[in-house]
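Below is one structure; the comments refer to it alone.
The sequence lines fix the lettering, A, B, ..., with proteins before strands; numbering per chain opens at 1. Keep in mind that the numbers below use all heavy atoms, side chains included, and drop hydrogens, waters and symmetry copies.
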Amino acid sequence: MSDNTEEKRPLDFIRQIVADDLKTGKHKQSVTRFPPEPNGFLHIGHAKSICLNFGIAEEFGGRCNLRFDDTNPSKEEEKYVEAIKRDVEWLGFKWAGDVHYASDYFQQLYELALELIKKGKAYVCELDAEHMREYRGTLTSPGKNSPWRNRSVEENLELFTRMKEGEFAEGSHVLRAKIDMASPNLNLRDPVIYRILNAIHHRTGSEWHIYPMYDYTHCLSDMLEGITHSLCTLEFQDHRPLYDWVLETLETPCHPQQIEFARLNLSYFITSKRKLLRLVEEKHVSGWDDPRMLTVSGIRRRGYTPASLRNFCATIGIGRSDSLISLSILEDELRNDLNVNAPRRICILDPVKLIIDNFPEGRVDMVDGKNYPQNPETDTRPLPFTKELYIEREDFMEEPPKKYFRLGPGREVRLKYGYLVQYASHEKDSNGNITTIHCTCDLESRGGFAVDGHKVKGTIHWVSASEGKTVTVNLYERLFSVSDPGTNSEVDFIDQLNPHSIKVVNNAVAEPELLNLQPGTTVQFERMGYFCVDSRDSAPGKPVFNRTVTLRDSGKI
RNA sequence: UGGGGCGUCGCCAAGCGGUAAGGCACCGGGUUUUGAUCCCGGCAUUCGUAGGUUCGAUCCCUGCCGCCCCAGCCA
């Protein structure tokens, strides 16, 4: 796999901190973690976090754990665990040792909660959700103490134990950290750290009746794993004092440093699990792995490569300011990779027949098509050239402007790898649609070279009408028609979907070779773009191609 | 009208007191059997703004303006 780590780009602020901590000896080795909640599929925003956390481990010789943050059994499922593991591996990363789960620590977390109670730093509260909100105060006014705040340690211990034993109903009791109900930081107003939940957990089943909350779990899980740098997104900044409070209060043997960075926003897309879920549930897309989705699985099915994702993440960098990254950066990294790694093939997406009047009937010339423009002349495949061909409808114009380099009355053009042909005539149906174009060809120009050496500017691609194979091609465009869908709360993001995000072409004509591709393979259709064999809808001998991305087409008329 | 963040080219992003890297996009030109690739060249007298400190400030200080996040028994 190629990525551009070899270029000495400046370190982002997080890597600088890691480098400094290693240099000063604060840490012998960096230990990071990627902590997804298994409640949905990973999207490109997660890829940024994955590249950061695993990337640091690779670059600094450290370790990176994969840890599932599974503290809410009502939302989490095993199938997401499997999908997430597959996505991380597909990106090319390897987690240190076994996969970790926050649920591995439930017993330790419980014992530490007992410690907290004994220190007088946590109490069982019986306020219901509504009262709890009321007591919390507002952004501008302080909260007030819960009437249960000053229970004795013994009583708290007994109540918490009974919570654990399943003696109480959901919602009736919670364990709260005793911090400061007047704190300007709402997260410090005696946050709930344990609640009663009787759901079945995907790993621990019905063993537990109480489940720890994120703020309590995350810092301790980090601590237990010896994480040195706990990287998360900006919205957790306000939680950092609580992260630190738990570790300090419990006097833990180590204290990971939480560092926040800005989450990824990509133009013309949404990176919100909740909104992606709605697209799936309301069937605006075919599923989590719809090639138009910017989920890791959708991206993969679309034909993107792991290297292009990693290079993209390296290119955009890590910062703390809100940003909206242009989709063109992603596409640029994709093209950089595919340009050198995707073999060239030929497929006509919108066929119109071209007949070479002076070419012998029944003759099949096998001409050589180059697989990669940068490779030696010998890396070729045979292409059957016959009297009747298909060319792209857009490659012929009845009244072409001067700068149009393709076929038209009076024009000469090169059929790539084949022959030079000169326009003879064309036919139209009653609706005025062009049905057939007639040309004559210079039989001496095989390979596309003029015998007398004259220049031919235009080169177009073609497929033999008799030897070509009909295939289905999905022409994808961006899923949304505005650059910042979902940003304006006045508008439902569903109304911002691009009605032309998919166009299915059922009569594309492909060179025979194209039927032999393995699902998941990405090739370039010369002059048209990069296309990937769909891994779900293709059948042997009946491939379905997804347009991964178009070619750049600067100045094309 | 509480607290926490952020503000360098259209979009990202370096810069760490010594006089504005790089990428994307865009605009020119060259090569080309993909109007692709590749190659050259252009693209911030200026760093949200107003003051202050300094020989010198994008970097330090102060005020102002703008944007984002926080009142789940979600993560």
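Applying the 3.5 Å distance criterion, the base of B:rU34 shares a donor-acceptor pair with the side chain of A:Q524.
As rounded to the nearest Å, B:rA21 and B:rC61 have P atoms that lie 25 Å from one another. Nucleotides B:rA25 and B:rA13 place their C1' atoms 14 Å apart, quoted to the nearest Å.
Across the strands present, B:rC38 finds its partner in B:rG30; the criterion is a Watson-Crick or G-U wobble pair with both atom distances under 3.5 angstrom. Pairing of B:rG2, defined by two Watson-Crick or G-U wobble distances under 3.5 Å, is identified with B:rC70. In a base pair of the Watson-Crick type (N1 to N3 plus N6-O4 or O6-N4) or a G-U wobble (N1-O2 and O6-N3), with each distance short of 3.5 Å, B:rG7 is matched with B:rC65. Nucleotide B:rG22 forms a pair with B:rC12, judged by Watson-Crick or G-U wobble geometry with both contacts under 3.5 Å.
Looking at heavy-atom distances under 4.0 Å, A:F449 makes contact with a base. Heavy atoms of A:D128 sit under 4.0 angstrom from at least one base atom. Within the nucleic acid shown, A:K370 has no heavy atom closer than 4.0 Å to any nucleic acid atom. A:Y194 comes within 4.0 angstrom of nothing in the nucleic acid, heavy atoms only.
When the side-chain contact (heavy atoms from CB on, under 4.5 Å) test is applied to A:K164, the partners found at least two apart in sequence or on another chain are A:Y110, A:W208, A:I210. With sequence neighbours left out, A:F236 forms a side-chain contact (heavy atoms from CB on, under 4.5 Å) with A:Y214, A:C232, A:T233, A:H239, A:Q258. A search for side-chain hydrogen bond (donor to acceptor under 3.5 Å, both in side chains) contacts involving A:S481 returns nothing, not counting sequence neighbours. Residues satisfying the salt bridge (charged side-chain N to carboxylate O under 4.0 Å, His left out) criterion with A:R263, sequence neighbours excluded, are A:E235.
Neither OP1 nor OP2 of B:rA21 sits under 4.0 Å from any side-chain N or O of A:R9. Of the side-chain N and O atoms in A:R136, one or more sit less than 4.0 angstrom from OP1 or OP2 of B:rG72.
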At under 4.0 Å between heavy atoms, how does the protein contact nucleotides 4-14 of chain B? Give one character per nucleotide, 5' to 3', with B, S or -. SSS----SSSS

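Rounded to whole Å, atom C1' of B:rA36 lies 15 Å from atom CD of A:E392. When the P atom of B:rC70 is taken as reference, atom CG of A:D215 falls 14 Å away, rounded to whole Å. Between A:E77 atom CD and B:rC74 atom P the separation is 17 Å, expressed in whole Å. Taking atom CG of A:D553 as the reference point, atom C1' of B:rA36 lies 10 Å away to the nearest angstrom. A straight line from CZ of A:R195 to C1' of B:rC74 spans 7 Å, rounded to a whole angstrom.
Nearest to the side-chain atoms of A:E37 among the listed nucleotides B:rA36, B:rA71, B:rA75 stands B:rA75. Considering only side-chain atoms of A:K457, the nucleotide from B:rU32, B:rC74, B:rA71 that sits closest is B:rU32.
Among residues at least two apart or in separate chains, salt bridge (Lys or Arg N to Asp or Glu O under 4.0 Å) pairs with a member in residues 441-458 of chain A are A:D365-A:R446.
The ring-ring contact (aromatic ring centres under 6.0 Å, His included) test with A:H201 is passed by exactly one of A:Y101, A:F68, A:F106: A:F106.
Using cut-offs of 30° and 60° for the angle between ring planes, the A:H218 and A:Y243 rings count as tilted.
Side-chain contact between A:F312 and A:L264 is present, with heavy atoms from C-beta onward closer than 4.5 Å.
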